[in-house]
Amino acid sequence: MPTILGQNQYGKAENRVVKITRDGATHHIKDLNVSVALSGDMDDVHYNGSNAHVLPTDTTKNTVYAFAKEHGIESAEQFGIHLARHFVTSQEPIHRARIRIEEYAWERIETSGEAKHSFVRAGQETRLTQVTYDGESWEVVSGLKDLTVMNSTDSEFWGYVKDRYTTLKEAYDRILATSVSSRWRFNWTDDAQPTPDWDASYARVKQHMLRAFAETYSLSLQQTLYQMGSRVIEECAEVDEIRFSLPNSHHFLVDLEPFGIKNDTPDGAVYFAADRPYGLIEATVLRDGCEPRIPVDLTNL
């Protein structure tokens with residue numbers, strides 16, 4: 001046979017699940033987008049078309065909704081753990097399950113009455129998690145995307161390499177803005193270990209990430225990235241690795257000289273916010289002694 005089968009997986013992607021929990025007049029929302037990918041003894045279905053080892057993707061979809069009702073959704077991570085364990089332990093041909101979840105946050109709308117069932121979609125960021133289980137060990141990689149942040153000062157960029165194509169002027173007081181995409185890997189890998197408080201951990205990681213961004217006097221976005229990652233690793237014992245993808249959202253001073261108007265940073269300025277092209281800064285920060293496992297390409301298969 002001139003060809004052989006390589007890595008493969010299958011499942012149902014982007015199952016939108018909205019779970020409403022009613023506590024009397026007070027309601028709670030969990031809003032998830034769940035993608036299931038299963039792999040294992042799947043040679044026959046690829047080589048011969050035999051579906052004897054194939055759990056239909058429609059069944060995986062139904063399982064997601066049934067588990068949301070039967071088990072509830074304590075957190076995105078815990079829900080992913082329930083699903084991954086089920087698929088690997090209930091189906092002999094399935095050796096590995098990967099569950100990816102996006103969580104969309106909602107905030108309660110306060111009213112003058114007693115009813116608490118109205119919400120507004122919170123727009124800071126999208127929470128992410130990926131849970132992988134092979135029947136023996138776990139890998140939980142959580143994260144976020146579209147967390148837009150800005151420092152209106154305390155940022156410089158100078159002393160860089162210059163060649164015949166360099167036109168960028170050195171900046172000693174500039175806006176630093178980015179939309180944070182980040183993934184972090186937990187050191188929880190075994191059922192014998194205490195399970196992290198997933199929601200509390202997420203809030204803690206985000207808090208330290210934001211504080212490091214705000215408190216770093218930045219000479220480069222790379223320096224800021226490293227400070228953000230280092231602070232998370234130092235302050236969050238449950239995290240061993242964190243990776244960032246940070247677009248440098250450029251803000252350029254608008255030239256108002258043709259109108260006889262001075263536009264300079266010391267007295268407050270007007271900027272043009274450019275959406276593209278943009279610098280893209282990416283790096284991983286690790287706890288000393290740990291090996292990197294988060295893929296360089298965050299859209300990994």
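Given the structure is predicted, the values throughout are model-derived calculations rather than measurements.
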Query raised in the report: Do the non-hydrogen side-chain atoms of Leu253 and Tyr271 ever get within less than 4.5 Å of each other?
Result: yes
Query raised in the report: Could you walk me through whether Ser181 and Ser245 pass the side chain to side chain donor-acceptor pair (under 3.5 Å) check?
Result: CA-CA 5 Å; Ser181 178; Ser245 181; 5.4 Å; no
Report task. Return yes if some donor-acceptor pair links the side-chain N/O of His86 with the main-chain N/O of Thr63 below 3.5 Å, else return no. Result -> no
Report task. Give a yes or no on whether a salt bridge exists between Glu241 and Arg183, defined as a side-chain N under 4.0 angstrom from a carboxylate O. Result -> no
Query raised in the report: Any side-chain heavy atom of Asp41 within less than 4.5 Å of one from His95?
Result: yes
Query raised in the report: Which heavy atom of Glu235 sits nearest a heavy atom of His208, and at what distance?
Result: CB-NE2, 3.4 Å
Report task. Kindly determine whether Asp191 and Arg85 satisfy salt bridge (Lys or Arg N to Asp or Glu O under 4.0 Å), including the steps that lead there. Result -> CA-CA 11 Å; Asp191 282 317; Arg85 191 192 307 275; 3.0 Å; yes
Requested in this report: Under the side chain to side chain donor-acceptor pair (under 3.5 Å) rule, what do Asp163 and Thr166 come out as? Steps first, then yes or no, please.
Outcome: CA-CA 5 Å; Asp163 67 11; Thr166 301; 3.2 Å; yes
Query raised in the report: Measuring from Arg231:CZ to Tyr226:OH, what's the distance to the nearest 0.5 Å?
Result: 14.5 Å
Query raised in the report: Under the 3.5 angstrom rule, does the side chain of Gln91 hit a backbone N or O of Val54 as a donor-acceptor pair?
Result: no
Report task. Classify the ring geometry between His82 and His71 as parallel (under 30°), tilted (30 to 60°) or perpendicular (over 60°). Result -> parallel
Query raised in the report: Is there a side-chain contact (heavy atoms from CB on, under 4.5 Å) between Met209 and Val205 once you walk through the steps?
Result: CA-CA 6 Å; Met209 188 187 297; Val205 169; 3.9 Å; yes
Report summary line: Taken to the nearest 0.5 Å, the spacing of Lys116 NZ from Glu110 CD works out to 6.5 Å
Query raised in the report: Per the side chain to side chain donor-acceptor pair (under 3.5 Å) rule, which among Arg100, Glu139, Arg185 passes with Gln130?
Result: Arg100
Requested in this report: Check the pair Tyr104, Arg121 against side-chain contact (heavy atoms from CB on, under 4.5 Å), reporting the backbone distance first and the verdict last.
Outcome: CA-CA 8 Å; Tyr104 311 111; Arg121 176 80 172 263; 3.0 Å; yes
Query raised in the report: Once you round to the nearest 0.5 Å, how far does CD of Gln124 lie from CG of Leu144?
Result: 10.0 Å
Report task. Using a 4.5 Å cut-off on heavy atoms from C-beta on, say whether the side chain of Leu286 contacts that of Pro292. Result -> yes
Report task. Please assess Lys206 against Glu125 for the test salt bridge (Lys or Arg N to Asp or Glu O under 4.0 Å), listing each intermediate value before the final yes or no. Result -> CA-CA 10 Å; Lys206 180 183 172 183; Glu125 84 276 1; 2.9 Å; yes
Query - From CA spacing to verdict: side-chain contact (heavy atoms from CB on, under 4.5 Å), Lys145, Glu102 - result: CA-CA 10 Å; Lys145 65 179 181 178; Glu102 296 182 347; 2.9 Å; yes
Query raised in the report: Going from CG on Asp43 to CG on Asn8, what distance comes out if it is rounded to the nearest 0.5 angstrom?
Result: 7.0 Å
Query raised in the report: Taking all atoms of both residues into account, what is the closest heavy-atom pair of Ser218 and Thr224, and its distance?
Result: OG-OG1, 2.8 Å
Requested in this report: Would you give the length of the straight line joining atom CD1 of Ile281 to atom OG of Ser220, rounded to the nearest 0.5 angstrom?
Outcome: 8.0 Å
Report task. Evaluate the ring planes of Phe252 and Phe272, with Trp represented by its six-membered ring, and classify them as parallel (under 30°), tilted (30 to 60°) or perpendicular (over 60°). Result -> parallel
Query raised in the report: Are the charged groups of Arg127 and Asp199 less than 4.0 angstrom apart, N to O?
Result: yes
Query raised in the report: Would you find a donor on one side and an acceptor on the other, under 3.5 Å apart, between the side chain of Arg287 and the backbone of Val239?
Result: yes
Query raised in the report: Nearest 0.5 Å, what's the CZ-OG1 distance between Arg293 and Thr284?
Result: 13.5 Å
**Report entry** Heavy-atom check, side chain of Tyr172 versus side chain of Phe157, under 4.5 Å
**Finding:** no
Query raised in the report: Do Gln9 and Leu38 have side chains that get closer than 4.5 Å, going by heavy atoms?
Result: no
Query raised in the report: So, Glu170 and Lys162, do they make that salt bridge, N to O below 4.0 Å?
Result: yes
Query raised in the report: Any luck finding a side-chain donor-acceptor pair between Gln223 and Tyr217 under 3.5 Å?
Result: no
Requested in this report: State, to 0.1 Å, how close Pro247 and Tyr278 come at their nearest heavy-atom pair, and which atoms those are.
Outcome: CB-CD1, 3.6 Å
Query raised in the report: Any donor and acceptor pair, going by atom type alone, linking the side chain of Ser230 with main-chain N or O of Gln227 inside 3.5 Å?
Result: no
Query raised in the report: Linking I/L/V/M/F/W/Y whenever their side-chain heavy atoms sit closer than 4.5 Å, directly or via other members, would Val17 and Ile101 fall into one cluster?
Result: yes
Query - Side-chain heavy-atom pair Val140, Thr129 within 4.5 angstrom cut-off - result: yes
Query raised in the report: Who are the salt bridge (charged side-chain N to carboxylate O under 4.0 Å, His left out) partners of Asp134, not counting sequence neighbours?
Result: none
Query raised in the report: What's the verdict on side chain to side chain donor-acceptor pair (under 3.5 Å) for Glu14 and Ser35, showing C-alpha distance, side-chain angles and the deciding distance?
Result: CA-CA 5 Å; Glu14 301 204 34; Ser35 294; 5.6 Å; no
Query raised in the report: Between the side chains of Asp190 and Trp138, is a donor N or O closer than 3.5 angstrom to an acceptor N or O?
Result: no
Requested in this report: Would you tell me whether Ser39 and Arg96 have side-chain atoms, one donor and one acceptor, within less than 3.5 Å of each other?
Outcome: no
Requested in this report: Check each of Phe79, Trp184, Phe186 against Trp198 using the ring pair (Phe, Tyr, Trp, His ring centres under 6.0 Å) test, and report the only one that passes.
Outcome: Phe186
Report task. For Lys19, check side-chain contact (heavy atoms from CB on, under 4.5 Å) against everything at least two apart and list the hits. Result -> Thr21, Lys30, Ile73
**Report entry** Any Leu83 side-chain heavy atom under 4.5 Å of Ile81 side chain
**Finding:** no
